[in-house]
Amino acid sequence: MTEGTTSAAAEGGDTLTRLEQEGEIAADYLEGLLDIADLDGDIDMDVEADRAAVSIISDSAGRELQKLVGRDGEVLEALQELTRLAVHRETGDRSRLMLDIAGFRAKKREELAALGAEAAEQAKSSGEPVKLDPMTPFERKVVHDAVAAAGLRSESEGEEPQRFVVVLPA
């Protein structure tokens with residue numbers, strides 16, 4: 001191994017260690033939150049796509065945890081930001097941690113990937129740009145990835161919170 005390769009491997013290990021630490025801090029914060037709210041749930045931690053991923057899952061149907069998701073994931077988004085702030089307070093670094101509760105984001109990711117693929121197909125067949133409804137940054141990212149996987153380009157346009165994806169024909 002060359003010196004450059006060694007330092008790159010060490011840097012990768014440092015990144016993984018940092019992301020695991022973010023997950024641990026987030027899990028502790030969320031466990032405290034669940035205790036305060038008197039809700040049952042297990043915390044699952046992982047590292048996905050260079051970011052810490054923390055999920056709150058339940059053995060039951062997850063109806064109790066739906067309170068933490070809220071309408072269209074609004075409460076989930078707020079909890080994710082609070083959890084990121086808790087990590088920032090402990091580490092001093094900005095976190096890109098992703099939070100999922102009761103599988104809401106995983107299900108949403110599947111729906112959005114299908115929407116992106118469908119919009120790409122529509123743009124291919126019509127030869128016209130396809131504009132989608134406004135979305136959160138997470139939602140736009142999933143759609144952009146699905147469009148790229150279909151072999152097309154997409155762009156985000158507009159200002160938050162009305163920012164939306166436009167799928168461009170080939």
Side-chain angles (χ1 to χ4, degrees), residues 1-117 134-149 154 156 160-161 163-165:
M1 239 196 263
T2 66
E3 189 175 311
T5 308
T6 305
S7 65
E11 188 175 299
D14 290 347
T15 300
L16 182 60
T17 301
R18 182 181 51 77
L19 293 174
E20 288 171 344
Q21 178 189 19
E22 281 186 20
E24 291 289 336
I25 294 166
D28 290 345
Y29 176 78
L30 292 166
E31 283 176 4
L33 181 79
L34 289 174
D35 287 345
I36 291 168
D38 196 28
L39 295 172
D40 290 327
D42 295 321
I43 309 290
D44 184 37
M45 296 176 299
D46 201 0
V47 173
E48 298 173 1
D50 293 333
R51 63 171 58 184
V54 179
S55 300
I56 301 175
I57 53 178
S58 177
D59 293 336
S60 63
R63 286 200 174 100
E64 269 193 342
L65 292 180
Q66 289 304 315
K67 297 172 190 172
L68 297 178
V69 172
R71 191 186 65 189
D72 295 328
E74 290 173 340
V75 177
L76 170 59
E77 289 290 333
L79 288 173
Q80 177 175 276
E81 285 307 308
L82 289 172
T83 305
R84 286 176 174 177
L85 285 171
V87 170
H88 177 73
R89 185 185 67 222
E90 293 291 321
T91 65
D93 295 327
R94 183 177 173 276
S95 173
R96 295 178 49 235
L97 173 133
M98 287 295 290
L99 175 63
D100 191 7
I101 299 175
F104 177 82
R105 269 199 211 276
K107 182 179 174 210
K108 189 78 167 172
R109 184 176 279 123
E110 288 175 15
E111 292 168 0
L112 290 165
L115 175 68
M135 299 178 188
T136 66
F138 161 76
E139 293 169 335
R140 290 193 310 269
K141 169 80 167 95
V142 174
V143 171
H144 286 305
D145 290 348
V147 170
S154 58
S156 291
E160 294 293 353
R163 202 153 164 79
F164 59 94
V165 173

So how far is it from Lys141 NZ to Met135 CE, rounded to the nearest 0.5 Å? 14.0 Å
Salt bridge check, Arg18 against Asp14: does any charged N sit closer than 4.0 Å to a carboxylate O? no
Could you list the residues that satisfy salt bridge (charged side-chain N to carboxylate O under 4.0 Å, His left out) with Glu81, not counting sequence neighbours? Arg84
Show me the donor-acceptor pairs, under 3.5 Å and distance only, between side chains in residues 103-110 and residues at least two apart or in other chains.
{"residue": "Arg105", "atom": "NE", "partner": "Leu99", "partner atom": "O", "Å": "2.6"}
{"residue": "Arg105", "atom": "NH1", "partner": "Glu77", "partner atom": "OE2", "Å": "3.2"}
{"residue": "Arg105", "atom": "NH2", "partner": "Glu77", "partner atom": "OE2", "Å": "3.3"}
{"residue": "Arg105", "atom": "NH2", "partner": "Gln80", "partner atom": "OE1", "Å": "2.9"}

Just wondering, more than 12 heavy atoms not from Asp38 lying within 6.0 Å of its CG? no
Go through the side-chain N and O atoms of His88 and Ser95 and say whether any donor and acceptor fall under 3.5 Å apart. no
By side-chain contact (heavy atoms from CB on, under 4.5 Å), Glu31 pairs with (sequence neighbours left out) Asp28, Ile43
Spatial distance of atom CD1 (Ile56) from atom CG (Leu33) [nearest 0.5 Å]: 7.0 Å
Please list, chain by chain and in numerical order, all residues satisfying salt bridge (charged side-chain N to carboxylate O under 4.0 Å, His left out) with Asp44, sequence neighbours excluded. none
Partner set under salt bridge (charged side-chain N to carboxylate O under 4.0 Å, His left out) for Glu160, not counting sequence neighbours: Arg140
Counting distance only, does the side-chain N/O of Thr91 pair as donor-acceptor with the main-chain N or O of Asp93 below 3.5 Å? yes
Among all residues two or more places apart in sequence or in another chain, which pass the salt bridge (charged side-chain N to carboxylate O under 4.0 Å, His left out) test with Arg89? none
